[in-house]
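Read through the structure below, which is laid out as structure tokens, and then see the notes.
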Amino acid sequence: MDSTSSKNGSNSALPLQDIPTSEHYQVSYMHRSTVTHCCTSLRHGYVITGSTDGVVKFWKRVSTTATPGAKGGSAPPAASAAAAGGGPGADGTNSRCLEFVKSYSSHVGPLLALCTSQPNGDSAVSIGWDGIIKFYDVATFDVSGMIRTVNNNNNSKAKKFRLGRHAVLMEREDLYLLVSTRAPTREEWKEEQYEKERQKQLKLQQQNDDSSDDDDG
């Protein structure tokens, strides 16, 4: 045990061993929040992830070749790919890793569902707690459409669709989306009861105003 570790109670030189010694190394454009959803398109080789802050990211699966005997304490690319689920590759064989492609701030709040279309995975859809559904073209990783299921106009009597956590996207001649619904939360139920009572009071007040106008006439 050296003097540094004896003074600080831990070996402070250990973090220095993890610094890459290569002139060029890669970093991941990772999510800032917890990743809650992940899906893949085998046809196009893309992986799509979603996090609790409503961010959707596209990743491309690429091949890497391990370089045995790399200097420094950092793992070789193939070893890091194997740790990321790309399979082995510590023996110098080709492995798979993820390369960042594009990011979208698709929703305000967490995601409810994220999936690719069946059977080919040409399209993808993300469903957020904010009541917004967004469609993506996987081949070009672009947003292709959006559906707003919540009307922000307070004067509108349109019923809100409470989107659930299960969705299926089917692609035949047309694109079909099946989404589950959910029961209202306690806060949503209280808000609906308050809105019903408010509408009832407004209706009674309007009736009283109409009857007073008739009496004056």
Shortest non-hydrogen separation from [X] to [Y] and the atoms involved:
X: E99; Y: V62; result: OE1-CG1, 3.6 Å
X: F135; Y: L175; result: CD2-CD2, 4.1 Å
X: L114; Y: H37; result: CB-CB, 3.7 Å
X: M30; Y: K57; result: O-CE, 3.9 Å
X: T149; Y: G131; result: OG1-O, 2.5 Å

Quiz prompt | Sidechain-backbone polar pair: R61 side chain, L98 backbone, donor-acceptor under 3.5 Å | solution = no

Do the side chains of [Y] and [X] get nearer than 4.5 Å, heavy atoms only?
X: Q193; Y: K196; value: yes
X: L111; Y: V56; value: yes
X: C38; Y: V47; value: yes
X: R32; Y: V55; value: no

Task: CD (Q206) with more than 12 external heavy atoms under 6.0 Å - done: no

Residue pairs meeting salt bridge (charged side-chain N to carboxylate O under 4.0 Å, His left out), one or both in residues 101-113, sequence neighbours left out, come to K102-D142

The complete set of salt bridge (charged side-chain N to carboxylate O under 4.0 Å, His left out) pairs with one or both residues in residues 46-55, sequence neighbours excluded, reads none

- Item | Aromatic contact, F100 with W59 (centres under 6.0 Å) | yes

Nearest-0.5 Å distance that lies between atom [atom1] in [X] and atom [atom2] in [Y]:
X: T185; Y: W189; atom1: OG1; atom2: CH2; result: 11.5 Å
X: L177; Y: L169; atom1: CG; atom2: CG; result: 5.5 Å
X: I127; Y: C115; atom1: CD1; atom2: SG; result: 6.5 Å
X: Q199; Y: L204; atom1: CD; atom2: CG; result: 11.5 Å

For residues 121-135, the side-chain hydrogen bond (donor to acceptor under 3.5 Å, both in side chains) pairs (sequence neighbours left out) are R43-D122, H44-D122, H107-S126, H107-D130, S126-Y136

Contacts satisfying side-chain hydrogen bond (donor to acceptor under 3.5 Å, both in side chains) that involve residues 165-176 (not counting sequence neighbours) are S117-E171

Does R198 form a salt bridge (charged side-chain N to carboxylate O under 4.0 Å, His left out) with E195? I'd like the steps, not just the answer. CA-CA 5 Å; R198 190 179 71 88; E195 183 64 21; 2.8 Å; yes

- Query: Mind checking whether F58 and Y104 have parallel, tilted or perpendicular rings, split at 30° and 60°?
  - Reply: perpendicular

Applying side chain to side chain contact (heavy atoms under 4.5 Å, CB included) to L42 and not counting sequence neighbours gives T40

Hits for side chain to side chain donor-acceptor pair (under 3.5 Å) against E197, two or more places apart or cross-chain, chain-then-number order -> Q201

* Any link between V101 and V143 through a network of hydrophobic side chains (Ile, Leu, Val, Met, Phe, Trp, Tyr) touching at under 4.5 Å? -> yes

